[in-house]
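Worksheet: the structure to be examined is printed underneath.
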Amino acid sequence: MEAFDAMATGVWELADAVWQETDLLLWKPSAAWFSVNAFYTSAGLRNWYVNFAHPTRRTTAGFDTFDLAVDLVVAPDLTRCLRCSPSAPGFP
């Protein structure tokens, strides 16, 4: 819930982080209110992830968007939703 509190107050800080465990292919059309993400491991496609967010805007610092805290985690074969939740806490 800490992330939701920060979003509500509009106060947060960027942190250094290193992506681990999966490779990511992300598709986000600039005017879309969502992105489609494919997470891969050495065994192949692990899952799809649909993230809902404001459209991407270019800023002087790069790109900016705002997460809407609604996410879908979908099976690799698209047959079922594995998780549908606000910000998918505990995302596998």
Side-chain angles (χ1 to χ4, degrees):
M1 294 306 285
E2 183 180 327
F4 287 107
D5 293 339
M7 286 172 46
T9 62
V11 177
W12 60 81
E13 292 182 28
L14 293 177
D16 286 335
V18 177
W19 191 266
Q20 300 179 33
E21 299 179 19
T22 62
D23 292 324
L24 170 66
L25 175 63
L26 184 148
W27 179 68
K28 180 159 183 12
S30 59
W33 285 72
F34 65 90
S35 65
V36 177
N37 308 267
F39 287 89
Y40 289 88
T41 67
S42 59
L45 179 62
R46 184 182 77 180
N47 63 273
W48 296 96
Y49 187 90
V50 181
N51 183 61
F52 295 91
H54 283 224
T56 304
R57 296 181 297 119
R58 182 173 278 288
T59 69
T60 57
F63 296 95
D64 194 18
T65 188
F66 187 80
D67 191 79
L68 297 175
V70 176
D71 306 301
L72 301 174
V73 181
V74 181
D77 62 3
L78 304 175
T79 58
R80 66 193 184 287
C81 184
L82 304 174
R83 182 172 293 134
C84 175
S85 67
S87 200
F91 175 68

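Note that these values count all heavy atoms, side chains included, but never hydrogens, waters or copies made by symmetry.
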Let me check something: do [X] and [Y] share a hydrophobic cluster, defined by ILVMFWY side-chain heavy atoms less than 4.5 Å apart, either directly or through other members?
X: L72; Y: L78; answer: yes
X: V73; Y: L24; answer: yes
X: W27; Y: F63; answer: no

Under the salt bridge (charged side-chain N to carboxylate O under 4.0 Å, His left out) rule, what pairs show up with a residue in residues 49-62, not counting sequence neighbours?
->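 Pairs touching residues 49-62 that pass the test: R57-D64.
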T22: side chain to side chain donor-acceptor pair (under 3.5 Å) partners, not counting sequence neighbours |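 With neighbours one apart ignored, the set is W19.
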For residues 32-40, which side-chain N or O atoms pair as donor and acceptor with protein atoms under 3.5 Å away, sequence neighbours left out?
residue	atom	partner	partner atom	Å
S35	OG	N37	ND2	3.2
N37	ND2	Y49	O	2.9

Listed by chain and number, what are the salt bridge (Lys or Arg N to Asp or Glu O under 4.0 Å) partners of D23, not counting sequence neighbours?
->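 D23 satisfies salt bridge (Lys or Arg N to Asp or Glu O under 4.0 Å) with no other residue.
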For residues [X] and [Y], report the shortest heavy-atom separation together with the two atoms involved.
X: P55; Y: A31; result: CG-O, 3.7 Å
X: L26; Y: K28; result: CD2-CB, 3.8 Å
X: E21; Y: T41; result: O-CG2, 4.1 Å

Residues in side chain to side chain contact (heavy atoms under 4.5 Å, CB included) contact with T79, at least two apart in sequence or another chain |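 Partners of T79 under the side chain to side chain contact (heavy atoms under 4.5 Å, CB included) test: A75, D77.
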Could you walk me through whether H54 and L68 pass side chain to side chain contact (heavy atoms under 4.5 Å, CB included), step by step?
-> CA-CA 7 Å; H54 283 224; L68 297 175; 3.3 Å; yes
